Undergrad: 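Take this structure, written in structure tokens, and hold onto it; I'll ask about it next.
As the structure is a computational prediction, the values presented were derived from the model and not from experiment.
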Amino acid sequence: MTLKTLITGYPRGATQWAYETLKSAGCRAGLNSVFCDQSNNQITYSRVKNCAHEFEVSCFSAPFLSHPSLSGVNIIQLHRHPAAIASSLYWLGIFQPSHNGYAAQLAAFIDRHCPNSKIKYKGTPLQRTLSTVVEWHDRYLLPSQDAHKSVRAEDGVTSFLAACGVSSAGVLMPPQNVSGCRHYSPAEFGRFPAGKDVLDLTENLGYVQEWFLPYE
């Protein structure tokens with residue numbers, strides 16, 4: 001099996017929803033199996049070459065979108081309301097002094113790949129979270145946006161599967177909030193300097209500054 005389509009995006013950016021949607025449509029898909037928190041330029045060659053499925057969904061792929069092994073792979077940028085991403089990351093507590101398991105793995109990956117946010121907002125978990133969402137977009141998704149398809153999770157199953165070239169007939173996958181985290185409104189974040197950047201990104205991505213669906 002050869003990897004044909006990569007769905008990339010943000011940490012806590014609806015990738016679980018995208019994976020479940022592809023599985024419901026009968027696709028052979030992997031979630032963070034080709035790209036994971038341990039990914040680097042060296043191991044990416046072998047992981048892509050030995051991929052056992054057609055679709056890979058992973059936020060961990062974002063720093064590697066220009067990797068030579070992905071030449072010829074259809075890449076789709078999955079977006080989610082920036083304030084929703086920030087809410088989920090902040091609830092997860094990845095920038096708090098103590099965390100373990102998945103939160104620790106994600107924090108270590110973000111430490112390596114979003115250095116500006118770490119330097120600017122170290123010791124202020126909320127602002128660092130907000131800044132990370134913007135830096136992730138500007139550093140990894142924005143430079144290649146013209147070369148890739150883009151789709152918003154909030155536009156639903158039909159739009160997402162159409163971007164993947166998959167029929168959505170009979171597929172029902174509602175919004176998910178599997179973690180049960182609190183969702184802050186964009187206005188709550190706008191009180192902070194880093195939050196103003198999130199509001200700008202919200203507008204640039206075509207979202208309105210209102211309540212959002214709880215995709216995870």
Undergrad: Taking S71 for its side chain and P68 for its backbone only, find out whether a donor-acceptor pair lies under 3.5 Å.
TA: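 Not at all, since once roles are kept as given, no pair shorter than 3.5 Å links the two residues.
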Undergrad: What residue among L199, V134, D197, T202 forms side-chain contact (heavy atoms from CB on, under 4.5 Å) with P82?
TA: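 Result: among L199, V134, D197, T202, T202 is the only option passing the side-chain contact (heavy atoms from CB on, under 4.5 Å) with P82.
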Undergrad: Assign the ring pair F60 / F109 to parallel, tilted or perpendicular, where the plane angle (0 to 90°) is split at 30° and 60°.
TA: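 Taking F109 first and then F60, their aromatic rings stand perpendicular (interplane angle over 60°).
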Undergrad: With Y140, which residues qualify under ring pair (Phe, Tyr, Trp, His ring centres under 6.0 Å), at least two apart?
TA: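 Listed in chain order: W136.
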Undergrad: Rounded to the nearest 0.5 Å, what's the gap from CG on L130 to OG1 on T124? Could you check?
TA: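 With rounding to 0.5 Å, CG (L130) is 9.5 Å from OG1 (T124).
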Undergrad: Hey, does the side chain of E56 reach the backbone of F35 with a donor-acceptor pair shorter than 3.5 angstrom?
TA: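 Yes, because the side chain of E56 sits within donor-acceptor range (under 3.5 Å) of the backbone of F35.
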Undergrad: Measure the spacing between CG of L70 and CG of L6 and express it to the nearest 0.5 Å.
TA: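 Spacing of CG (L70) from CG (L6) equals 6.0 Å.
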Undergrad: Mind checking the CD-OG1 spacing from Q16 to T21? Nearest 0.5 Å is all I need.
TA: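 Here the interatomic distance stands at 10.0 Å.
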Undergrad: Say you draw a straight line from CG of L161 to SG of C27; how long is it, rounded to the nearest 0.5 Å?
TA: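 So the CG of L161 and the SG of C27 are separated by 7.0 Å.
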Undergrad: Any donor and acceptor pair, going by atom type alone, linking the side chain of Q77 with main-chain N or O of L141 inside 3.5 Å?
TA: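 Judged by distance alone, yes, a pair lies under 3.5 Å.
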Undergrad: Within the distance-only criterion (no hydrogens, no angle test), does the side chain of D200 pair as donor or acceptor with the backbone N or O of E203 below 3.5 angstrom?
TA: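 Looks like no, no N/O pair under 3.5 Å.
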Undergrad: In plain terms, say whether D111 and R128 are close enough for a salt bridge, that is, a side-chain N and a carboxylate O under 4.0 Å apart.
TA: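 Judged by the 4.0 Å cut-off on N to carboxylate O distance, D111 and R128 do form a salt bridge.
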Undergrad: Angle class for the F64/H113 ring planes (parallel below 30°, perpendicular above 60°, tilted otherwise)?
TA: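 Geometry flag for H113 against F64: perpendicular rings.
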Undergrad: What do the steps show when you test R152 against S159 for side chain to side chain contact (heavy atoms under 4.5 Å, CB included), and what is the final call?
TA: CA-CA 8 Å; R152 302 189 304 186; S159 178; over 6 Å; no
Undergrad: I want to check something: taking the side chain as every heavy atom from C-beta on, are P11 and L89 in contact at a cut-off of under 4.5 Å?
TA: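 Contact flag for P11/L89 side chains = yes.
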Undergrad: Between T8 and H148, is any side-chain donor less than 3.5 angstrom from a side-chain acceptor?
TA: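 The criterion, which ignores hydrogens and geometry beyond distance, is not satisfied for H148 and T8.
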Undergrad: Hydrophobic clusters here meaning ILVMFWY residues chained together by side-chain heavy-atom distances under 4.5 Å, can you tell me if Y102 and F95 are in one?
TA: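 Result: yes, single cluster for both.
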Undergrad: If every non-hydrogen atom of A14 is compared with every non-hydrogen atom of A153, which pair is closest and at what distance?
TA: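 Taking every non-hydrogen atom into account, CB-CB, 3.7 Å.
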Undergrad: Please evaluate residues T5 and L22 with respect to the criterion side chain to side chain contact (heavy atoms under 4.5 Å, CB included), reporting the C-alpha separation (whole Å), side-chain torsions for both, the decisive distance (0.1 Å), and the verdict.
TA: CA-CA 11 Å; T5 300; L22 286 167; over 6 Å; no
Undergrad: Is there a side-chain contact between I7 and T15 (heavy atoms, below 4.5 Å)?
TA: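 Result no, sub-4.5 Å side-chain heavy-atom pair not found.
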Undergrad: With the side chain counted from C-beta on, respond yes when C164 and I76 share a heavy-atom pair under 4.5 Å apart, and no when they do not.
TA: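 In short, these two side chains touch, coming nearer than 4.5 Å.
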Undergrad: How about NZ on K120, more than 12 heavy atoms from neighbouring residues, nucleotides or ligands closer than 6.0 Å, or not?
TA: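 No, not enclosed.
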Undergrad: Quick one: closest heavy-atom pair of A83 and V198, and the distance?
TA: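 Here A83 and V198 meet closest at N-CG1, 4.1 Å.
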Undergrad: What are the two closest non-hydrogen atoms of Q96 and Y90, and how far apart are they?
TA: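 Smallest heavy-atom distance, with atoms named: NE2-CE1, 4.1 Å.
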Undergrad: If you compare all heavy atoms of R139 against all heavy atoms of N116, which two are closest, and at what distance to 0.1 Å?
TA: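 Looking at all heavy atoms of both residues, the closest pair is NH2-ND2, 3.2 Å.
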Undergrad: Run the side chain to side chain contact (heavy atoms under 4.5 Å, CB included) check on F160 and S168 step by step: do they pass?
TA: CA-CA 9 Å; F160 170 65; S168 61; over 6 Å; no
Undergrad: Considering all heavy atoms of both residues, which atom of S167 and which atom of A169 are nearest to each other, and what is their separation?
TA: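 Heavy atoms only, the tightest pair is OG-N, 3.2 Å.
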Undergrad: When you measure from the side chain of R80 to the backbone of Y10, do you find a donor-acceptor pair of N or O atoms at a distance under 3.5 Å?
TA: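 Answer holds: no.
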Undergrad: Write down the atom of M173, the atom of W17, and the distance for their closest heavy-atom approach.
TA: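 Of all heavy-atom pairs spanning M173 and W17, the closest is O-NE1, 3.1 Å.
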Undergrad: Looking only at side chains, do S69 and T44 share a donor and an acceptor under 3.5 Å apart?
TA: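 No - no donor-acceptor pair under 3.5 Å links their side chains.
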Undergrad: Answer yes or no: is there an ion pair linking E54 with K4, defined by an N-O contact shorter than 4.0 Å?
TA: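 So E54 pairs with K4 through a salt bridge.
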Undergrad: Going through the distances and angles, do V151 and L78 end up as a side chain to side chain contact (heavy atoms under 4.5 Å, CB included)?
TA: CA-CA 5 Å; V151 63; L78 178 64; 3.9 Å; yes
Undergrad: For a 4.5 angstrom cut-off between non-hydrogen side-chain atoms, does R12 reach S87?
TA: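 Counting from C-beta outward, R12 and S87 never come under 4.5 Å.
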Undergrad: Where the side chain of R47 meets the backbone of C36, is there a donor-acceptor pair that is under 3.5 Å apart?
TA: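 No, because the side chain of R47 does not come within donor-acceptor range (under 3.5 Å) of the backbone of C36.
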Undergrad: Roughly how far apart are C59 SG and N32 CG, rounded to 0.5 Å?
TA: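 If we round to the nearest 0.5 Å, C59:SG and N32:CG are 6.0 Å apart.
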Undergrad: Residues two or more places apart in sequence or in another chain: which of them pass side-chain contact (heavy atoms from CB on, under 4.5 Å) with S131?
TA: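 S131: side-chain contact (heavy atoms from CB on, under 4.5 Å) contacts with S117, Y121, A194.
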Undergrad: Could you tell me whether the side chain of S88 and the main chain of A84 form a donor-acceptor pair under 3.5 Å?
TA: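 The answer is no, because no donor-acceptor pair under 3.5 Å joins these two groups.
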Undergrad: Taking only residues two or more places apart in sequence, or in another chain, which ones meet N204 in a side-chain contact (heavy atoms from CB on, under 4.5 Å)?
TA: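 In terms of side-chain contact (heavy atoms from CB on, under 4.5 Å), with neighbours along the sequence ignored, N204 is linked to no residue.
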Undergrad: To the nearest 0.5 Å, tell me how far I110 CD1 sits from K118 NZ.
TA: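 So the gap between those two atoms works out to 11.5 Å.
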